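Okay, so here's the structure we're looking at.
Computed from a predicted model, the values in this text were never measured in an experiment. Letters A, B, ... are given to chains in the order of the sequence lines, protein chains preceding strands, and every chain is numbered from 1.
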Amino acid sequence: MALRLVDRAGLDALGDLGGRQTAVTCQHGCRHDDSLCDARCSVSPPKDRNRGFSLLLPAEATGLAPRRIRLRPGRVRPVESLIMANVLTPQGEDFPRWYQDVVAKAQLAENGPARGSQVIRPTGFALWERMTAEMDARIKDTGTENASFPLLIPESYFRREADHVEGFAPEVWMVTQGGGKDLEEKLAIRPTSETIIGEYMAKWVNSYRDLPLLLNQWCNVMRYEMRTRLFLRSSEFLWQEGHTVHESYEDAHAFTLRILHDVYADFMENVLALPVLRGIKTEAERFAGALNTFACDALMRDGKALQMGTSHELGQKFAKAFDIQFQGKDGKQAHGWTTSWGTSTRMIGGLIMGHGDDAGLRVPPNLAPVQVSVMIVKDSDEVRAAARKLYDELKADGLRVKLDDRGDIAFGRRAVDAELKGYPVRIELGPRDLKNGEATVVSRVEGSKQSVPLGMIAEAVAAALAGAQQQLWDEALGFREAHTVDVASVDEAVEAARTGYARMPWDACGVEGEARAGQSAVTVRLLQREDGSVPDSLDESGLIAYLARQY
RNA sequence: CGGGACGUGGCGCAGCUUGGUAGCGCACCCCGUUUGGGACGGGGGGGGCGCAGGUUCAAAUCCUGUCGUCCCGACCA
């Protein structure tokens with residue numbers, strides 16, 4: 001009796017799997033260099049119900065994860081079907097490919113039919129909904145109110161602020177027809193809404209008593225893009241844009257920084273568990289039409305930086321362009337001081353690349369749409385009922401829980417799916433657990449499994465969630481620290497930017513150094529004071545520059 | 001927009017050199033056995049090869065154009 005592994009052409013193929021020389025090791029440790037595995041290797045056949053032989057396909061045979069395969073005497077199977085492919089391309093092998101794999105396999109989003117457009121699937125949108133909920137609460141805490149402004153902006157509005165038009169011209173989509181006729185005035189599809197909101201601010205602000213005027217809108221915007229990537233850069237994306245008018249420079253400036261710290265950084269660090277650098281943008285990176293741009297920047301696991309949010313102080317430039325004036329206490333007319341600030345669905349990309357690993361997404365519990373997945377291991381009425389009970393209890397505790405009681409899908413497949421989607425904690429419940437009055441609590445981040453008495457699940461879950469949040473933060477912070485290098489020259493900065501941030505005195509870099517680094521696709525992400533705090537303006541001396549490659 | 005690669009069932013690919021009416025793995029559907037980490041056996045369904053022209057008796061296969069995707073660069077949340 002012999003076992004044969006054959007390819008679909010009917011030839012023995014294990015000797016040439018994927019072009020590699022292959023040796024197969026059977027369960028008894030015997031090594032086989034050809035396609036034959038004789039019966040002696042099955043002296044003690046596995047308890048396998050199919051009475052087959054179990055062989056270990058070593059990693060070097062396939063270039064993929066080692067896999068145990070079962071063969072039955074005389075059975076012929078295509079070699080392809082014996083190889084268990086990785087679920088995702090490993091990060092270390094090809095990071096961009098890994099990113100695409102995660103987005104696709106975790107069912108987050110896919111491309112729309114028009115270039116650069118994207119469809120956000122329910123799993124991805126749930127992440128966004130959680131982001132909007134957390135962000136919206138923080139935005140409202142600053143006294144800002146939500147409103148909604150038109151998608152279409154008359155071209156003339158757009159032209160009123162010179163720097164703004166010039167900066168956005170290459171990115172604007174313009175509507176030229178309506179009702180089958182050419183429009184008298186073209187309409188820009190908003191790439192951002194300073195202009196149209198400015199127009200209304202001018203109407204609504206008359207007195208210093210109307211100030212500050214604090215507005216925000218959650219909407220979509222469109223920007224023409226050459227190269228697009230799901231979540232990171234798409235022609236259309238979802239975001240939040242805040243627009244405010246203040247009485248003085250000081251008020252506007254303070255508010256710009258308040259948003260940066262209390263809304264953006266607070267959300268990113270405490271909810272997303274992503275440590276962010278906060279600082280001021282150089283002139284080259286500044287928002288078109290702004291006096292100063294402040295930003296939060298995070299390091300992804302491939303060593304590239306991602307701008308996660310920006311807050312601009314616009315001075316009086318837009319106020320003058322749109323005639324936003326008010327009468328002060330002194331009875332005199334004065335122009336207001338405006339700000340604008342935004343964060344987008346790009347943060348989803350940051351979440352994926354900031355925390356994800358080779359098994360998929362890792363979502364911090366504070367954000368996670370699904371914090372706990374209660375899954376049955378084996379299908380039975382008792383297990384099902386116990387799982388339902390557990391689900392109800394956890395839900396009553398205020399946790400975001402999902403019940404996975406699909407009995408028709410193998411456990412392993414469901415476990416892989418839970419890992420792909422990054423559920424922080426899952427509770428496995430099977431007959432064995434039930435017999436012991438326990439459930440198995442598994443942490444996605446810590447990689448731990450522990451049996452917990454059914455009465456103590458809530459505590460165990462709470463601890464696991466807190467631990468996961470903390471560990472994600474610690475890992476991300478540790479990664480950033482390990483990938484930040486102090487350098488003295490632009491050349492060194494370019495070299496260091498291969499793996500992360502390069503930090504150097506801004507005086508030693510300067511505008512020329514910035515341009516030179518740009519030749520190597522390295523940019524100055526932002527500038528900080530020596531103590532890490534955010535400068536009030538670019539005029540301050542002794543600033544520190546962070547350089548990196550960027551998304 | 002410049003350089004490179006590529007578009008074949010949901011996903012990953014083979015077939016194009018030497019044109020003859022499409023195939024494999026996974027996924028999917030049904031039945032049965034299963035279910036503690038990606039099940040097994042048997043039986044099925046689905047594409048006309050990105051799109052548009054052209055050459056030909058005949059085009060995934062050859063020619064032209066176009067759209068889209070990925071990587072690098074320029075630009076950006």
Side-chain angles (χ1 to χ4, degrees), chain A residues 7-9 48-52 65 67-72 75 77-87 89 94-97 99-101 104-105 107 110-117 167-171 191-192 221 223-235 237-241 284-285 287-288 293 295-297 306-312 341-350 359 375-380 383 406-420 426 428-434 440 442 449 451 518-521 523 549-551:
Chain A
D7 68 12
R8 65 176 123 97
D48 178 43
R49 54 198 168 278
N50 291 322
R51 292 174 35 241
R67 188 207 171 187
R68 186 163 292 284
I69 59 174
R70 291 196 179 109
L71 290 177
R72 297 208 300 171
R75 164 115 169 94
R77 294 181 63 183
V79 169
E80 290 93 324
S81 71
L82 301 178
I83 300 172
M84 179 70 65
N86 288 317
V87 176
T89 302
D94 184 343
F95 196 87
R97 186 75 185 265
Y99 179 80
Q100 288 175 228
D101 282 355
K105 300 250 171 85
Q107 304 182 333
E110 50 196 81
N111 287 311
R115 167 186 252 280
S117 61
F168 274 100
E171 297 182 71
T192 178
V221 287
R223 298 183 184 179
Y224 185 85
E225 295 289 350
M226 288 305 187
R227 262 182 68 198
T228 61
R229 296 185 88 184
L230 289 169
F231 294 127
L232 300 173
R233 173 167 297 100
S234 49
S235 288
F237 56 90
L238 305 180
W239 80 344
Q240 146 282 310
E241 52 176 324
E285 299 274 325
F287 177 76
T293 289
C296 291
D297 206 80
L306 181 72
Q307 185 170 115
M308 299 279 288
T310 48
S311 186
H312 318 288
W341 25 280
T343 51
S344 71
T345 37
R346 171 180 268 191
M347 288 193 292
I348 299 174
M375 50 195 300
I376 60 170
V377 175
K378 281 186 159 182
D379 199 2
S380 79
V383 170
R406 294 172 293 177
D408 52 351
I409 298 176
F411 170 75
R413 181 168 298 279
R414 290 181 286 128
V416 166
D417 189 55
E419 281 163 9
L420 261 177
R426 61 176 197 268
E428 301 175 355
L429 196 61
R432 212 150 71 206
D433 299 295
L434 221 48
T440 305
V442 185
K449 277 194 185 193
S451 292
Q519 302 290 306
S520 309
T523 57
R549 291 176 302 142
Q550 71 292 150
Y551 274 98

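No engagement by Asp417(A) is indicated, since no non-hydrogen atom pair under 4.0 Å with the nucleic acid exists. Within 4.0 Å (heavy atoms only), Thr343(A) reaches no atom of the nucleic acid at all. In this structure, Glu285(A) reaches neither bases nor backbone, as no heavy-atom distance under 4.0 Å exists between it and the strands shown. Val87(A) comes within contact range of at least one nucleobase, with a heavy-atom separation under 4.0 Å. Among the protein residues, Arg549(A) comes within range of no part of the nucleic acid, since none of its heavy atoms lies under 4.0 Å from any strand. At a threshold of 4.0 angstrom between heavy atoms, the contacts of Leu232(A) include nucleobase atoms, whether or not backbone atoms are also involved. Counting any heavy atom pair closer than 4.0 Å across all strands shown, Gly342(A) reaches no nucleic acid atom.
Taking atom P in both C16(B) and C6(B), one finds a spacing of 15 Å when rounded to whole Å. Annotation: C63(B) and U18(B) have their P atoms spaced 11 Å apart (nearest Å). The P atoms of A74(B) and A27(B) are separated by 43 Å, rounded to the nearest whole Å. If you take atom P in A59(B) and the same atom in U21(B), they sit 12 Å apart, rounded to whole Å. Rounded to a whole angstrom, the distance from the C1' atom of C11(B) to that of G38(B) is 15 Å. For U64(B) and G25(B), the P atoms lie 36 Å apart once the distance is rounded to whole Å. If you take atom C1' in C28(B) and the same atom in G9(B), they sit 11 Å apart, rounded to whole Å. Nucleotides A22(B) and C13(B) have their C1' atoms positioned 14 Å apart, rounded to a whole Å.
Base pairing of U69(B): its partner is A5(B), meeting the Watson-Crick or G-U wobble criterion (both donor-acceptor distances under 3.5 Å). Across all strands shown, G38(B) forms no Watson-Crick or G-U wobble pair with both distances under 3.5 Å. Across all strands shown, A74(B) has no partner, as no Watson-Crick or G-U wobble contact with both distances under 3.5 Å is found. In this structure G25(B) sits in a base pair with C11(B), meeting the Watson-Crick or G-U test at under 3.5 Å. Base pairing annotation: G45(B) forms no Watson-Crick or G-U wobble pair, as no partner gives both donor-acceptor distances under 3.5 Å. Across all strands shown, A58(B) forms no Watson-Crick or G-U wobble pair with both key distances under 3.5 Å.
Across all non-hydrogen atoms, the minimal contact from Ala288(A) to Gly167(A) is CB-CA, 3.7 Å. Heavy-atom minimum distance, Thr523(A) versus Gln550(A): OG1-NE2, 2.8 Å.
Regarding the sugar-base torsion, A39(B) falls in the anti class, its angle being beyond 90° of 0. In this structure, G65(B) shows a glycosidic angle more than 90 degrees from zero, which is the anti conformation.
Residue ring and base: Phe411(A) does not count as stacked with G36(B) (centre distance below 5.5 Å and interplanar angle below 30° not both satisfied).
Taking the side chain of Val377(A) as heavy atoms from C-beta on, and the options G36(B), A77(B), U35(B), the nearest nucleotide is G36(B). In the set A77(B), G36(B), A39(B), the nucleotide with an atom closest to the side chain of Arg413(A) is A39(B). Here the nucleotide nearest the side chain of Phe237(A), chosen from A77(B), G36(B), G37(B), is A77(B).
In terms of the salt bridge (charged side-chain N to carboxylate O under 4.0 Å, His left out) criterion, residue partners of Glu419(A) (sequence neighbours excluded) are, by chain and number, Arg426(A). Looking at residues two or more places apart in sequence or on another chain, you find no side-chain hydrogen bond (donor to acceptor under 3.5 Å, both in side chains) involving Thr345(A).
At least one side-chain heavy atom of Val221(A) sits less than 4.5 Å from a side-chain heavy atom of Glu241(A). The closest side-chain heavy-atom distance from Val377(A) to Val383(A) is not below 4.5 Å. Put simply, the side chain of Ile376(A) reaches to within 4.5 Å of the side chain of Arg414(A), judged on heavy atoms.
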Distances under 3.5 Å between protein N/O atoms and the N/O atoms of nucleotides 67-74 of chain B, please, pair by pair.
from	atom 1	to	atom 2	distance (Å)
U69(B)	OP1	Gly116(A)	N	3.3
C70(B)	O3'	Gln100(A)	OE1	3.2
C71(B)	OP1	Arg229(A)	NH2	3.4
C72(B)	OP2	Arg227(A)	NH2	2.9
A74(B)	OP1	Gly518(A)	O	2.8

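The base of G37(B) sits within donor-acceptor range of the side chain of Lys449(A), with an N or O pair under 3.5 Å.
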